[in-house]
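Worksheet: one structure, shown below.
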Protein chains: 2
Amino acid sequence: MRLSKTSEYALRILSFMAKEPEQKYSAKSLVETLKISDKYLRRLMTDLSKAGFIKSTRGREGGYSFAKKINNIVLADIIDSVEGMDKYMGCVLGFDKCSDENPCAMHSTWIHVREKFTETFEHKTLADFNYSEIHKF
Amino acid sequence: MRLSKTSEYALRILSFMAKEPEQKYSAKSLVETLKISDKYLRRLMTDLSKAGFIKSTRGREGGYSFAKKINNIVLADIIDSVEGMDKYMGCVLGFDKCSDENPCAMHSTWIHVREKFTETFEHKTLADFNYSEIHKF
DNA sequence: ATTAAATACCACTTGTATATAGTATATTAC
DNA sequence: GTAATATACTATATACAAGTGGTATTTAAT
């Protein structure tokens, strides 16, 4: 029940931006606010841009803003864009060929847990959250 | 939705042993069957012994066997013994101080997913699985 | 007692995700 | 043109999980 730092960061960035979805954010300001290292954040921003969630404006007064409506940005797609959801879809015992047809001992138990996760992440969009709270580090 | 290799291995070992819970298993045989590296498995066996799930018999004809009934061995306790369940209990956005009282934007969504996991792992024991299937690597 | 089979322990190496540094270049406001 | 902001690329450093090596110790068959 843990995402990688990479996915954590991607969600942290976009959920922060979603609080004021029309605004433009410089990489610098995001780095300072979200406590993510500069270069790493910039790399993620490139991934998120390529995936079409945000667009970048170069030059003075440049920055990042959403390229599409936040109610069309699904969490699973965010994770896919930075590292891939399949990373989180494996067998709980680590078996290569574990499936409904060829299950490991814990398969039927595990898929319920995993499905709760995938279902949530495939249905929730950035518009489904409560951004009134202040994030504290 | 992924456990570390360490937890994966611990569950893989004990679920394999649970298929024939009265038997004694040598480290060697477990290594060969379960495709876990020798030294790593032995280290995990030590952890699992210290936690009281299994007992070891040294010397010729030695090996490992369960130290308690498998219906008293809870999955969450297994993970605790090798690395700690708290590793899987963090905030989805990686915030240090995220709680019901001081939640991040995704908190209320995430705890449902996380609770499905913890509930399952805190209630299921090694006796709750179907060991008829053959594990394939 | 000897020997073989096993576990236990300490230190070290490897691998991978994460993080940083540096350089070059493009774009835009002023 | 200058400054501020962005992308792109390459190389390297760090941290931690995973895996290995070597030796000590325990036990039981013989």
Side-chain angles (χ1 to χ4, degrees), chain A residues 2-13 17 23-67 79 81-88 90 93-94, chain B residues 2-13 17 23-67 79 81-88 90 93-94:
Chain A
R2 237 196 122 210
L3 302 181
S4 67
K5 290 260 179 210
T6 301
S7 285
E8 237 176 61
Y9 291 164
L11 295 180
R12 201 191 290 174
I13 293 163
M17 289 175 63
Q23 212 174 303
K24 191 164 64 184
Y25 300 85
S26 71
K28 198 179 173 191
S29 74
L30 292 172
V31 161
E32 283 166 4
T33 313
L34 300 176
K35 311 280 184 248
I36 301 172
S37 76
D38 187 75
K39 289 294 167 70
Y40 210 73
L41 178 132
R42 286 170 195 275
R43 204 157 79 194
L44 291 177
M45 296 313 266
T46 305
D47 288 341
L48 295 172
S49 298
K50 281 179 181 161
F53 304 129
I54 56 178
K55 54 175 182 269
S56 65
T57 333
R58 287 183 164 198
R60 228 184 136 124
E61 306 289 301
Y64 301 94
S65 57
F66 281 108
I79 293 180
S81 75
V82 293
E83 62 174 356
M85 273 294 279
D86 49 316
K87 200 172 152 180
Y88 299 103
L93 297 182
Chain B
R2 238 195 121 210
L3 302 180
S4 66
K5 291 259 179 208
T6 301
S7 286
E8 236 176 62
Y9 290 165
L11 294 180
R12 199 191 292 175
I13 294 163
M17 290 175 63
Q23 211 175 305
K24 191 164 64 182
Y25 299 85
S26 71
K28 198 179 172 192
S29 73
L30 292 173
V31 161
E32 283 166 5
T33 312
L34 300 175
K35 312 285 185 241
I36 302 171
S37 78
D38 187 76
K39 289 294 166 69
Y40 210 72
L41 178 132
R42 285 168 195 277
R43 202 158 80 196
L44 291 177
M45 296 313 268
T46 306
D47 288 341
L48 296 172
S49 297
K50 281 180 180 161
F53 304 128
I54 55 178
K55 54 176 183 268
S56 63
T57 335
R58 287 185 164 199
R60 236 180 130 125
E61 306 289 300
Y64 300 96
S65 56
F66 280 109
I79 292 180
S81 75
V82 292
E83 62 174 356
M85 273 292 280
D86 48 316
K87 201 173 150 179
Y88 298 102
L93 298 183

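Throughout, protein chains are lettered first and strands after them, A, B, ... in sequence-line order, and every chain is numbered starting at 1. Worth saying up front: this structure is predicted, and the values here are computed from it rather than measured.
Between the NZ atom of A:K28 and the P atom of D:dA4 there is a distance of 9 Å, rounded to whole Å. Atoms CG (B:L34) and C1' (D:dA18) sit 17 Å apart, rounded to a whole Å. Rounding to whole angstrom units, OH of residue B:Y25 and P of C:dT7 are separated by 14 Å. Computed from coordinates, the B:L41 CG to D:dG21 P distance equals 16 Å when rounded to whole Å. In this structure, A:L3 places its CG atom 15 Å from P of C:dA17, rounding to the nearest Å. Between the C1' atom of D:dT27 and the NZ atom of B:K55 lies a distance of 16 Å, rounded to the nearest Å. Put simply, CD1 on B:I36 is 9 Å from P on D:dG19, counting in whole angstrom units. Between A:I79 atom CD1 and C:dA17 atom C1' there is a gap of 16 Å when expressed in whole angstrom units.
Considering only side-chain N and O atoms, A:S37 lies under 4.0 angstrom from the phosphate OP1 or OP2 of C:dT20.
Here the side chain of B:R58 is nearest to one of D:dT27, C:dC9, D:dT20, namely D:dT27. You'll find that the side chain of B:Y64 is closest to C:dT7, out of D:dG19, C:dT7, C:dT18. Nearest nucleotide to the A:T6 side chain, out of D:dA6, C:dT18, D:dA18: C:dT18. With distances taken from any side-chain atom of A:S56 to the nucleotides D:dT7, C:dA8, C:dT18, the minimum falls on D:dT7. Among the nucleotides C:dA6, C:dA19, C:dT7, the one closest to any side-chain atom of A:Y40 is C:dA19.
DNA chain D is contacted by A:R42, A:T46 of residues 42-49 of chain A, taking any non-hydrogen atom closer than 4.0 Å.
Across all strands shown, B:K50 has heavy atoms under 4.0 Å from sugar-phosphate atoms exclusively, and none from any base.
Judged by distance alone, with hydrogens and angles left aside, the side-chain atoms of A:Y64 form no donor-acceptor pair with the main-chain N or O of A:I54 at under 3.5 Å.
Of all heavy-atom pairs spanning A:S7 and A:I79, the tightest one is OG-CG2, 3.6 Å. Taking all atoms of both residues into account, the shortest heavy-atom contact from A:S4 to A:Y88 is N-OH, 2.8 Å.
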Residue pair A:K55, A:S65: steps toward the side-chain contact (heavy atoms from CB on, under 4.5 Å) verdict: CA-CA 6 Å; A:K55 54 175 182 269; A:S65 57; 3.8 Å; yes
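A:R42 has a carboxylate O that lies under 4.0 Å from a charged side-chain N of A:D38, or vice versa, which qualifies the two as a salt bridge.
Applying the ring-ring contact (aromatic ring centres under 6.0 Å, His included) test to B:F66 and every residue at least two apart in sequence or in another chain returns nothing.
Residue side chain A:K39 reaches the base of C:dA21 through a donor-acceptor N/O pair under 3.5 Å, judged by distance alone.
Side chains of B:I13 and B:L41 form a contact here, defined as non-hydrogen atoms less than 4.5 Å apart.
Between A:Y9 and A:T57, the residue whose closest nucleotide on DNA chain C is further toward the 5' end is A:Y9.
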